[in-house]
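See below for the structure under consideration.
Chain letters run A, B, ... following the sequence lines, proteins first and then strands; every chain starts at 1.
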Amino acid sequence: MPELPDLQVFSRNLTKTLKGKTLERIGLDITPKSGLSEKELSKTLSGKKLHAVARVGKQLCFDFGNDAQLFMHLMLHGKLVLQDKENERPKNVIASLELSDKALYLTDFQKAAHLTLNPPPSGAVDALSDDLTPKWLVEKLRGSRAKIKSLLMDQKVIAGIGNAYADEILWEARIAPESIAGKIPENAVKGLAKAIHHVLTDAEKQILKGHPDLIAGEVRDFLQVHQAHKEKSPTGSKILHATVGGRKTYYTDEQELYH
DNA sequence: GTGCGTGTTAAACT
DNA sequence: CAGTTTAACACGCA
């Protein structure tokens, strides 16, 4: 399952490859729960030029101009396949976009990946947005009784952080995942805001370095603590395992528990 | 064969 | 009521 830094790299590479191309045809093989139809997609997007592909939260936004933004959520197993138009179509296709000489397929054996057209803004602050300032985060956590890891992964609060990077960010900030959000002192919260930005942008750089043309899959071999078989953090502490918010969590006793 | 792992959603809980 | 937690979903893979 690709996470935010992977999606960031995908969006870069898709923009590089597809920018300026005209959408000639769009096909829907699975009707999404939203009821969005192939007809409506076609009516709104056909003939339009792709301006750019951006990452918004955990989604990719294909921007064809005003009121023509196609959002794509990969969910757990969604995969993009980009090939020349004449090649054979891949398996488990959810949707297909023909952009001049290229065909872009969204595939998912589990059929959970989906598209939406011009969705209303979610109200959450994107994890890499400039609006996610230390001050904003201090405000957001004030009075919250939720565990900090759950709150970081709450897409209605901050958009884009998944299970693996939540662990990485909390380790970087030296805050225990089960800490109660509202009990974390202001200084530590400010450090957390910096850790969010640092961990995510650094991960993007690492992925780009090793996999410059990536548009599918995920790379996380550089993660510091969220790795099933890793025994010690970079600073030599034993990596501990727990379940927080119903999710597998990796942490160390270097991280302070506030409660 | 068995159970893990993950994002979202709806339902349950406090 | 609003905020928070939990379980269910689907299924390839270790």
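- Residue-level contact check: A:Lys58 touches the backbone only, with heavy atoms under 4.0 Å from sugar-phosphate atoms and none from bases.
- When atom types are taken as modelled, the side chain of A:Ser11 and the backbone of A:Gln8 share a donor-acceptor pair closer than 3.5 angstrom.
- For the helix from B:dT2-C:dA14 to B:dT14-C:dA2, the angle separating the two terminal helix axes comes to 50°, with each axis derived from five pairs and the value rounded to 10°.
- Look at NZ on A:Lys149: it is 16 Å from C1' on C:dT4, rounded to the nearest Å.
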Under a 4.0 Å heavy-atom criterion, the protein footprint on nucleotides 8-14 of chain C, written with B, S and -, is B-BSS--

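- From the 5' end on, the contacts that DNA chain B makes with chain A at under 4.0 Å to a non-hydrogen atom open and close at B:dG5 to B:dT8.
- Comparing A:Arg145 and A:Glu3 along DNA chain B, the residue whose closest nucleotide (by nearest heavy atom) sits nearer the 5' end is A:Glu3.
- Every side-chain hydrogen bond (donor to acceptor under 3.5 Å, both in side chains) that A:Ser42 has, sequence neighbours left out, goes to A:Ser46.
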Full working for ring-ring contact (aromatic ring centres under 6.0 Å, His included) between A:His51 and A:Phe64 = CA-CA 6 Å; A:His51 296 191; A:Phe64 290 95; 7.8 Å; no

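- In this structure, A:Gly246 and A:His114 both approach DNA chain B, and ranking their closest nucleotides by distance from the 5' end singles out A:Gly246.
- With no hydrogens or angles considered, a side-chain donor-acceptor pair links A:Lys149 and A:Thr249 at under 3.5 Å.
- For residues 111-126 of chain A, the pairs satisfying side-chain hydrogen bond (donor to acceptor under 3.5 Å, both in side chains) are A:Arg55-A:Asp126, with sequence neighbours left out.
- The backbone N or O of A:Arg247 sits nowhere less than 3.5 Å from a side-chain atom of A:Thr243 that would complete a donor-acceptor pair.
- Under the 4.0 Å criterion applied to side-chain N and carboxylate O atoms, A:Lys85 and A:Glu24 are assigned as salt-bridge partners.
- Taking the centre of each ring, A:His241 and A:Tyr250 come in below the 6.0 Å mark.
- The shortest distance between the side-chain N/O atoms of A:Ser144 and the OP1/OP2 oxygens of C:dT4 is below 4.0 Å.
- Looking only at atom types and distance, the side chain of A:Ser237 has no donor-acceptor partner in the side chain of A:Thr235 under 3.5 Å away.
- Looking only at atom types and distance, the side chain of A:Lys79 has no donor-acceptor partner in the side chain of A:Asn92 under 3.5 Å away.
- At the heavy-atom level, A:Gly162 lies under 4.0 Å from the strands shown only through sugar-phosphate atoms.
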Atom pairs and distances, donor-acceptor, side-chain atoms in residues 176-184 of chain A, under 3.5 Å, two or more places apart:
unit_1   : atom_1 : unit_2   : atom_2 : d
A:Ser179 : OG     : A:Ala176 : O      : 2.9
A:Ser179 : OG     : A:Glu256 : O      : 3.3
A:Ser179 : OG     : A:Tyr258 : N      : 3.0

